[in-house]
Every structure is written in structure tokens, then in C-alpha cells.
Amino acid sequence: MENISSTIQAVPLNHYILLSAIIFTIGVIGVLVRRNAIIIFMSVELMLNAVNLLLAAFSSYSGDASGQVFVFFIMALAAAEVAVGLAIIVMVYRNTSSIDINILNRLKW
Amino acid sequence: MSTLIVISILAIIVLYLGLFKAKQALLPVSVLGLVAALALAIMEWNSNAAPIFSGMMHFDNFAVAFSSICIITTILVFLLSKNYFEKISENVAEYYTLILFALSGIIVMVSYHNLSMLFVGLEIMSVSLYILAGIKRKDFASNEAALKYFLMGAFSTGFLLFGIALIYGASKSFDLAVIAQYVIDHPTGIDPIFYVGLVLMIVGLCFKVGAAPFHFWTPDVYEGAPTLITAFMSTVVKIAGFAAFLRLFSICFAPLQDFWMPTLLVITILTLFVGNITALYQTNFKRMLAFSSISHAGYMLFAIVALGAASTNAIFIYAAAYAVSSITAFAVLMLVKAKTGGENFEDFNGLAKSNPFLAFTLTVAMLSFAGIPLTAGFIGKFFVFNVALTQYHTWLVAIAVVNAIIGVFYYFKVIVAMYFKDNQTKQIATPAYFNFVLGVSLIITLVLGIYPGFITNLF
Amino acid sequence: MSAPVDYLPIIMQLLVALGFVALTMGITHLIGPKRKTTDIKLTAFESGIEVVGNARQPFSIKYFVVAILFVLFDVEVIFMYPWAVNFREFGLNGLIEMFIFMGTLLLGFIYVLKKKALEWD
Amino acid sequence: MELEFLIEKTALVLVLFVLTLTIAAYSTWAERKVAAWLQDRVGPNRAGPFGLLQPLADGGKMFFKEEIIPSGANKYLFIAGPSLALLVSFLGTAVIPFGQNIEIFGRVVPLQVTDINVGILYIFGVVSLGVYGIMIGGWASNNKYSLMGAIRGASQNISYEIAMGLSIIALLMVTNTLSFKEIAAQQHGWHWNVIYQPLGFLIFLICAFAETNRVPFDLPECETELIGGYQTEYSAFKMGAYMFAEYINMFVSSVVMAVLYFGGYNYPGMDAVNQALGPTWGPLIGVGVMFFKIIAFIFFFMWVRWTVPRFRYDQLMDLGWKVLIPLAIANIVITAIVIVGFDLFNKL
Amino acid sequence: MNLLLLIFFPLVGALVTLLNGKFAKQSAFISSLVTLAFALLLLGDFVPDASSQFAVNYPWIPALGINFAIAIDGISMPLVLLTTGLFPLIILSSFGRNISQASFYALTLFMQFGLLLVFTATDAFLFYVGWEVALIPIYFICALWGGENRIKVNMKFFVYTIAGSLFMLLGIIYLHLQTADNSFSIASFYNLNLDAATQGWLFWCFFLAFAIKMPIFPFHTWQPDTYTEAPTTGTMLLSGIMLKMGIYGVIRWLIPVTPLGFLTWGHLALILSIIGIVYASIIAFTQKDVKRLIAYSSIGHVGLIAAGIFVWNVQGLQGAMIQMINHGINVVGMFLIADILIDRLKTREIATMGGIAKVAPKFAIAFLIIVLGTVALPLTNGFIGEFLLLHGVYQFNIWYAAIAGLTIIFGAVYMLRMYKAVMQGETNETTASFKDINGSEFLVLAVVCLLIIVIGVYPNALLHISEASVENLINQVNSKLAF
């Protein structure tokens, strides 16, 4: 019976890399283009998930579980980041009634 | 490794002390705990430690040295924090805890032997700092600092992770030793994704250490965050960032120097100029320190660009010098701000008359920043230049020299304000803790500047 | 060990459910009566009192705290699943390690309780 | 992948789907009958014998009602909310074994849509999605009651999900697998998990009530306070979708509880019965037993509904966070110590 | 007699002075006298041959082969004497002024420490450290107790000098990395055999630092402003001793370490020096401000010294050695004169002065002797120095010597013209009440005049000290150049 990793390996590795790269790029562009803090944050999460996908693919290809363990790390720490990040966004919203990062330019570059 | 455990447990103890309303005990417990952790760290010196926790971490001399300097700096920050946090928020214990958690992340960052630990340490540190940057909940600047720091931090983490993933894809391991072996074993046929991963990691790490052109969050965050947190961020955090950076590159990527060196070279030069030239135009002392921290990041990057046997030593000395001087600068800034309510250079006017000791320590700190002999900063710069010249980066050093000259302008601004401008300000009351910290920093700066033999032979 | 093919029926079930939902939603849209509506009929129902302002206002921070705590705890709980399934193989050492993990989690939990983050009054 | 496999699975999916719908529909009828019985009334009795056609009448009515979308609502999300709620409620049953392998036309067919090795995680994932339906619907309505109901619902669901997850961990330590099929098989005879995990079952049961927003945890829609909560603005079949979803969830919860804790299709003396009736009819008895358990649970849900008063919101959250979670953790610790201690003892 | 004692005593003195707030000036003066005594004791033990004496060598930063290495030879001895000798005079001259704060004297003595390090260091790192250590106190002295524009002017001064020295640091580190034994010792530096191109840019690294310090045209622009704005004590320190650091650096470090660079660029440096002489003299001629006039005249004199060095022969170098001392003495005297004038008259305009000789005869005599020394009248100290320098330049190129010599004569004209304008003629309301010099001023001026005459009459005492070392150094460099 075919197992999951052989199914994963049925698709060339480059496709995973390409897909991850595309997702990652979408995330990066999202961060750079969007002005809403939440959406920026979601774009960041998208970047992280692109990494997760890539790690899982590599892990499966090399028959090494550590890549998947790393995915766990990323998920756990991303959760912590989500908690803190949302708290910060809420805090900002409560003070400014906006989460548009354009109003956050009191401190100039 | 007991250091890490002690600090983690200490953080929890402090948190619970806060729960049980033992506010008076917070500071002593934190400081004593850190001293214990420091002692434990130093005891592992030269113990030829092998990687532990299944190769996750490696508490070698490098780790011991950088842990120690981070712990010492944190102790100094803590000593300054008496009565500081009480003023800005009611949740005092949490701040001690968060700083300690950040420190435990930092210990991981300086002693990792596996990329996953690099990531974990970095995140423990960053997440704590996101909160710390925003601890003044009602203060808009603090809010903004927190949000910016958070978004930029998360963004850069993304790059770092993608880099790690690609490197993993090529080398099939997160273990530094295995990656290093991979690089050595494949002198020609290294997978292209490895290079891409390397570049992405450089981007991620440069974000974290605030190197141009990824520096733009730094000044805002440093200015917006409470001063003491800024002090912590610009010293301990930055040092840890560089330690992690250096550890990775010296263990894994040294043979690929031809590939990454030009990239890093450009970043270094850019960082130097951006940091220095923008610092020149600042009227706010805190913001000036932020930009100056960017430029110091540039100097420290030097030692990585010219990666060699002496790099570690150079960065260590530079970091130590930079840390104590920064602590002094921020301590004085806090006192001055408490008195005058401002952070601009004018607020320092006449400080030499009203408070000679403060002025003197700040002067020494600024001289150290500027790299004038007999201060630790000079020794740091000297070692960094030495490393860079070893690799025949003569032009790079010439550029650095030009930047050091620019640096003199803005570091002397505050000296000029303190000594040569008058202002009828009354004496600033300096609490004993401050005097202690300032005194210690002063002594360290001068001792390292006059007789650096203690730490020049560590590695 | 399950194979990818085992997930196929789930997709089939998903399709069936999706079809049903789409179908019913479509049908109700098509055969439901269309009457002339007035603005008042389409306002939000607030027990006959005139609607004031937008409903999408900030709500109590408590809910937010709960949400954040959920995210954290849920992720930690997920970590325990692989351990629980295999914990016999890990033996005593695995048990102690997981107890340390749970102890940390519990310390955080007690902290949250003590901080009165979950008090609804 | 053979054609037979596809046909077999399609048939299973369809049968299960129809079964789910029927049970859900008749749950509404049963609920009214039970309520009536408990309150000493007659209940629905006009449509068909014993009012048995009542669900059909109700269902039909929903299609013929005008659908109203409030002017302030977000149109797409307003529709998406109930659709999602209904959709995800259907998915839970996919990994449940309703019986042992059965032999039909000489072919061994497992009475389970699919057996995946992460069945419990799958159920969890699907159940967690349910909260989106409530949240989206409540938010899209642009009604204060709806929003409040939705937030309450979300908050309550996620709170109890933690306790639920923790209670299952203790169970997993006993079973050492995430596959429902194996869990069911392990409870052969009288080895029902409820015996090993009574506390875990209790926690799970309470959480199941909360997850399905049933009384006494029906705060999101409590009619006296929130006039229907997140469903205030809904009408026609969209309202029906929410209602259906709730009853399907109840069914799924009952199924999960039956399989995880009450042995699923197992009953004492099953082997002997199987021996006697052969590979086709034997397992069917097991299916019957399984449905008996399910219906018992559904009845229990209804019984509680008409017996217990609703919680206050703070009580609800306190129960979830301050009672169930510590209890569940304690349960894990005790289970772990007992099992490891037992293993060590055996080794000696 | 230990050289360490000489070096570190000023540091001790500085500390004592700082802690000794009330009697700061006395303690500073005593400290400087004790240092002078140490120097004289060393002189007693000094053997005037080419060797390094009193050498002290301790490891300092072993990781980089840095040693705390100091020694004295014939080239450093005169400068040590100059430093230790001038400090008591400079400190004494400040007694009557209202800047007598403990920190002021402490900084002054701290600077002496730096200066002595520079003049005795045989380790490049130590040399650099001393170089900077001398800079910091003088910056503070000038900026704290200076005139109105002091902040801006001093910033310029500081940045100029630090810019030069940082490039020198670059050069030092580069050289260090080329040494075979991984050291900073001057001997190792002398033994390097780098190619001409490398030595070329290294020459500029060092030259920049030294040229700014001296200063040589066109790196001099900081100097007149700084001299004018600084307190007189600061000006004395700057002109009397500090600029000798640059000259000493050229002799000790620049030319011997980068002989091939010198071969390529030395001529340019020489021309710059001579341009400086002419330029400074012309500017000085038009000055109406006493202090500025002295400042520009100083640039002219230093230019000649530099020219004497860059021709690199025994006469030029010996002339430079003795003229450094003379210049130090004379310029301290000149600035004290200027200070007395400014202090009494509250003005720096030469035009407003006149007839002071009538009301202050002692002052007039001292002024005259110092002016004569400055214009190099025979039998004053300036004569022998300038003679040797011009002789040296003459050997190199007659036209250069002619230009330089004419300019120096020209210089005599403006100095004497100033003397005439200030001292002679009728008194006016500003000068009528001019008080003659008092105790400490008298003492200083007397010593200065005495030195001017003694050295003028018997210069051989000084020339003798440096002769052997100078010849040795020239031979050493020439042997490399030949090859």
C-alpha cells in the first residue's frame, strides 16, 4: 500500500519549492502593500505557512522527521506570536480606533 | 546549561512573586538569580562541553562568553529599573519576568547548535520584547513601537524561516555541524537553493540586528519604547543578534565566504552610512542613540564580513564596550528626562555644573562610542578594524574611519551640551542604584579601555 | 498507517454535503416568495426599538482574552496528542518530560486565573 | 483504485448522509415529543400518525418562507454563515465506524466511510470549524443581539474545546491510537472506555453539550436574553440550516461519545452472536446496538434540555476554565501515573 | 631612574590635583616641577649616543602583540625636556587668571601624560593611544575655558585632528598585520619592506595625522581660530608642545617607516611646507589681532621646521630638533605676552595699543627679548635653529631655501612692527593704566628670556643630545632608500 510520503514524492520537489515560493511571495507582497495591520499580520502568517509546507515537503523527501518537528515549533511559536500580536493590535485599536498602519507615522522614519 | 534553566525558573518565580504581591522582593530576587545564573555560566568556561539535548544546544566558550555579557548587562538594566516600572504601569512583576524570558531566549540564541533552537530562541526573545515595547498601554508612541516592532519582527522571522527551510532542503539537517559538513563535502556542487536560503537568512538576521536597509523599524521602536526597554533592546538584544549571526556564519558558512561576503559588505557599508548620517541630524538624544546603534551594528558586521579566527573576539569586545556605554547613556537619559521632561540635546545643557558625576560618566560613554583611546569602545573598534584589515578590506576600514569621524560630531553634541552650554537646572537627584550602575559601567569602560587583556584572549 | 486514498471518501462526503447545502440554499432562494420590502423591514431587529449606530462595535476585552488563551492552550494541547498516543513507549522519562511541559502550562494557567483574566462580573 | 471501491464508498457516503438528515429531522420531532412527555403534554400529533410527518412539514415550510437579508448585513457572509454551519456538521461522521466489517454480496465492506489514522484529530478539526458558522452569521447580520450571541458562542465553543481536547488525551493514553476503528475494536466486549475513563467521559459529555450549544449551554441563542442570538436576523431555510446544523451536531456528538466511551457497536457476547448469524447479519446487530446507544444519548440531550436551567454566562465560563480544565489535567496526570506505574509493576 | 615614574607621575599629579580642589594650582605646579625634576634626573643618566635608553617593555594586549614599550633616545629626549620644562611655566602663567579650577589643572596634567607617552612610545599602539589621550584634555580645556565661538571652533579642531589620527590608526593596523612577529613595535615597523605603492598610501595615512597636527598648509585651517578662541594656557599647550607631536611623528614614524612613500611624496610635502611658510607670513602681515598674528607666525615657523625635516639631511633634522624646543619656548612666551596684553587691555586689536613700554618697562624688556628670539636674531635661540634649517633646505634646493629664508626675514618685519605698534609711541587711554608684570608672570617671562638667551649662546648642549640619534636615523633610512 502506498503511503503518504511516497505520494508526496510523486510530485517533483521543485513543484513544492515553487509553490512555497509563490505563497511566500504573496505573503511578502501582502505585507508590503496592505495598510491594515490585521491583513499584514495575516500575510505574515501566510509566509510562515509557506515555510511549513516547504519543510514538510523536504522532510518527506529526505525521509527525515526533523523537518516536521520544526513545523511543530513554527506552529507553536506562531500561536504565541498571534496571541501577542493580536493583543498589540487591539491595544492600538483601543487608543486610536484604527488599525491602519498609515496613522502610525507619528514617529517619522 | 544550568544557566538557561535557572533563568527560566527565575522568570516564573518572579512572575509568581508579583502575583503574591511581593513587590519588594522582585528586584533582589531577579538580581540574585541572575548572579547565580552568571556564576553557573562562568563555571562552564573551558569545560569543553559537547552538544547537549540531542545536539540542540552547545554551551561552548562562545556561548558562555556571550551569555555572561548578556546577563551582566541585564543585571545593570535591572538595577536601573528600581522605581521605573512602577511609574509606567502597575504590572511590575510582568516586566521583570518578560525581560527574564527574553534573556532566556537570548541564552538559547547564543548557544544553539541546531537551527530550530535559533528560531525558538529568537522567538522567545522577540515575543517578550513585542510586549515590553508596548508596556505603556496608554502611550501612543509605545503602542506604535510595539506594533511596528511586532510586524517587522514577524516579517523578518518569515524570511529567516524560509531561509532555514531551504538550507534544510539542501543539507537535510538543521544541525549546524551537519550543515557545516555539507558545505565542506560539496565544495562545488552545492544546491542552488542553499544559496537562496543563505541570502534569505542574511535578510532575516539583518532585520533582527537592525542593519540597513532593513533598519527602518529601529529608530521608531527605540524611541517609542520606554527608555529602559530601549536600553535592553539596544544592548542585550543586539548583542544576542550578533552572537547568533556570528555563530551561524562561523560554524556553517565560513567556506562560502566568497558568496556571501559581497552581499554583507554592501549591507555593512550601507548600515554605517545610514546610521551615522541620519544620527547626525537628530535632535532627540534617544533617537540619536537609536541611529548610533545602527551604525554600531555596522561596525560589528565588519567582523562578520571579515570572518576569521579573531572575529569572535572582536565582536565580543565591541559588544561589551557598546553595552556598558549604552547602559550609561540610557541611565543618564532616564535621569535627565525625569528632571526636565525632555529627551533632546538641550535638556542636557549645563549638566556638568549641576551634576558632574553624571556628566563625566556620560562623557566617557560617548567617548567610548566614538572610539577614543583609553575607553573600551576604542579597543572594540581597534579589534574590529584589525579583523577587517586581516582580510585586506582596506577600503572598508577607510570607509569605517570616515564614519567614525562623522560619529564624533553627534556624540560630541551631548558633551557640548553638558559642558559648554548653561542652563539653570537644579541638581538631579541620582538614586544610589543609578550611581552604582553608572560607576560600574564607568569602571568597566575604563578598565577595558586601559587594560583589555582580561577579555582579549578569550577565544 | 493510512494512505492518501483514505482521504478520498472524506472529499466525497464534503462534495455531497456541499451539494446539499448549495442545493437547499438555491431552492429556498428560488421558491421563497419575493415580496415588496420596505426599509424598515430590512433594519436590524432590536425588539422594536429604533436601531442606534452600527452593531459592529468593540466588545468586552474579556472575550478577546479568552480567544487568545484558547489559541495558546489549544496549540499546547495539540502537542500532547502525539505524546499521548505513544506515551507507553516513552516510559517514565517521557512521562517526566511531559509533566514538566504540563507543569509549565499549569503555571501559566494558574497565573491567568490569579490575574483574574477569566473573571466575568 | 478500483471501481468497486468508489461505488462502495459512494454508497456509504450517501447512506450515511440520508441517515444523518433523517435523524436530524426526526430529532426535532423527538425533541418536541420528549418535551411534551416531560411536561405532560401531547406534542405534535397532527401531521401523520403521532405527528410523524411534522419534520417534513416544518422542512417544507422553511423553503416557502420569504428570505430576508437585513440592509446593514454583509450579504455574502450572511449566506455563508448558515451554509458553513450546515456543511461542517455533515462532515463529522466520515470517520466513525458504525459497525464491524460486513459482508455484502461476497465483498467485505467496512461500515465506516473511511478509516484514517488521525480520526480524532479530524473530528476535532471539523467540530472547531462549526464556530465559524456562528461567528460569521452573527457578525454578518449587523445586529447587536446577533453579534453578542456570536461572540458568546465563539467564546464558549473555544473554551470548552480545550477541556474536551484534554479529556480526550487521557483517553488516548488508554487507547494509544487516534483511529476510531481501532478504538472501537479495542472496546471489545465489556472493555468500554467509560470504565477506565469515567471522569474523562464526564468532562467530554459536558463539553459536548457546550459544543453543540445545547441547554444548559445555549447562551449564544438564548431566547430570553438575546432573542435568538446569532440567528435573530435569519429566516427561511437559512434559519433552518442553523437548526439542522445544531441537531446534526448533537447526533455527531452522540456518535462520538458512543464510539469513544461506550464501545460503539460492541456489546457483551458479540462474538457469539456473530458466530451464530454470520458475517452479514452479525455486524448488523452491532449497528443496531450502536444506534441504540446513539439514540440514548440523543434522548439524554433532550432530557437535560427540559430539566436543567440555563447557566449564567460567568458560571459557564467558570465551569469551563476553572473546573473542567483543571479536572481534565488532573485526569491526565492520574491516568499517566496509573498506566506507567502499572507498566513498571508488570515489568518487575 | 625609571622612565615609568616620569610617565605616570603626571597622572598621579592630575588625580591629586583633582581631589585637592582648593590648592589645585599649587599642587599642579608642584607636580609639574617634580616631573621636570624626574626628566632632569633622566637627562643626567642619558648617554648621547644613538641607542634607546631607559627602555621599559611590558606586555599589554598580548592577543595582538601590543606592548607597553617606552624608551628614550636622542630624538625623544629634547622633546621630553621640552614637555616637562614648559609645563611648570604654562601652569605658572595661568596663576593670575580666573580659570584656576581643579579640573582645569587636572586636565592639563593629564595632557602631559599623553604627551610624554607620545614622545617616548616605541610601540605604535601606545603611540596612538598617547596621541589621542593628549587630544581629549586639550579639547576640554579649550572648549570649557575658551572664547565665545569656542564650541564650533573646537569641534572643528577636534574633528580635524581625530580624522587625521583615525587614518593613522588604519595605517598602524595595516603595518601591524604585515609585521613578521605580529607586533606593534617600532623596530618591527622599521624592518618592513613593503612595496612603493603600499608605502605611498601609508605615507598619506600618517602624513594626514601629522600634517593636521602641525599644521601644514592646507590642513591648517583649524589652527588660527582655535588658537584665538582657546584660553591662553590652551594655546600655549597647543602651540608650545602639542604641535611638536606632529613634527616628532614625522621624524620618528612617518619617514623611517615609509621611506619609499617618502621618496614619492616627500617632495610634495616639502613644497606644501614652504607654501605654508609664505602663506602664513602673508596672512600674518595683515592681521590686526595679536593672538591671530602669533598664530599665523607660528604656522610659518612650523612650516620651516617641517621643510627642514622633509629635506632629510643632518642639518635640517638637527635644526628641526633644536627649533622645536626654541619654538616651544618662544611661542609660550609670545602667547603669555599676548595674554597679558589682552588681560589688561580687554582687547586684541593691535591698533588700540601703544606706548606700553613707558608704563611697563619690565614687560617691555621681556617682550623685546622674546620677539628677538622669535625673529631669530643671532645670540638668541631662534638663530641657531633657523640657520640650521635653512642650511638643510639649501643643501636640498637653493631656491626653496631662498624662498623660505626671505619669508623668515619678512616675518621679522611683522613681528617687529607689532612690537613697535604695541610698545612704542604714545600711551592712550586704554594703555595708560597698564600695570607692569607681577610675580608669576615675571617669573615665567624671566625663565623664558633666560632660556632664549642661554640656548642662543650655547646651543650645542641641546644639539649634542640629538646628534647621534639623528645621524643614525638618517643613515638607516638612506640605506633603505638606496635599495
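Residue numbers start from 1 in every chain, and the chains themselves are labelled A, B, ... in the order their sequence lines are given, proteins ahead of strands.
- Residue E:I172: no heavy atom, backbone or side chain, is found under 4.5 Å from chain B.
- When each of E:Y174, E:F68, E:F140 is scored by its heavy-atom pairs under 4.5 Å with chain B, the top score falls to E:F140.
- Between B:P452 and E:W60 there is a side-chain heavy-atom pair separated by less than 4.5 Å.
- Both the backbone and the side chain of B:V408 come within contact range of chain E, each with at least one heavy atom under 4.5 Å from a heavy atom of that chain.
- Proximity to chain E at a heavy-atom threshold of 4.5 Å picks out B:T363, B:L367 from residues 360-369 of chain B, in numerical order.
- Only the side chain of E:I66 comes within less than 4.5 Å of a heavy atom of chain B; its backbone N, CA, C and O stay farther away.
- Proximity to chain E (any heavy atom under 4.5 Å) is shown, for B:I406, by neither the backbone nor the side chain.
- Within a 6.0 Å radius of NZ in E:K156, other residues, nucleotides and ligands contribute more than 12 heavy atoms.
- Here B:V401 is the residue among B:T394, B:I415, B:V401 with the most heavy-atom pairs under 4.5 Å with chain E.
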Side-chain atoms of residues 200-216 of chain E: list all donor-acceptor pairs with protein atoms under 3.5 Å, sequence neighbours left out, distances to 0.1 Å.
none

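- If you tally non-hydrogen atom pairs under 4.5 Å between each of B:F382, B:F378, B:F385 and chain E, the highest count goes to B:F382.
- Between E:M155 and B:F412, the closest heavy-atom pair is CE-CB, 3.4 Å.
- Taking the side chain as every heavy atom from C-beta outward, B:V402 and E:F167 approach each other to under 4.5 Å.
- Side-chain contact check for E:I162 versus B:I372: some heavy-atom pair is nearer than 4.5 Å.
- Here the shortest heavy-atom pairing between E:Y128 and B:P373 reads CE2-CG, 3.8 Å.
- B:F383 has its side chain within reach of E:I61: a pair of non-hydrogen atoms, C-beta onward, lies under 4.5 Å apart.
- Ranked by heavy-atom pairs under 4.5 Å with chain E, the list B:V397, B:V416, B:N386 is led by B:N386.
- By number of non-hydrogen pairs under 4.5 angstrom with chain E, the leading residue of B:A404, B:A398, B:A400 is B:A398.
- For E:L177, the part lying under 4.5 angstrom from a heavy atom of chain B is the side chain only.
- With a 4.5 angstrom heavy-atom cutoff, E:V129 touches chain B via backbone and side-chain atoms both.
- Atom NZ in B:K381 sits 10.5 Å away from atom CG in E:L169 (nearest 0.5 Å).
- The side-chain heavy atoms of B:L389 and E:H176, taken from C-beta on, include no pair separated by under 4.5 Å.
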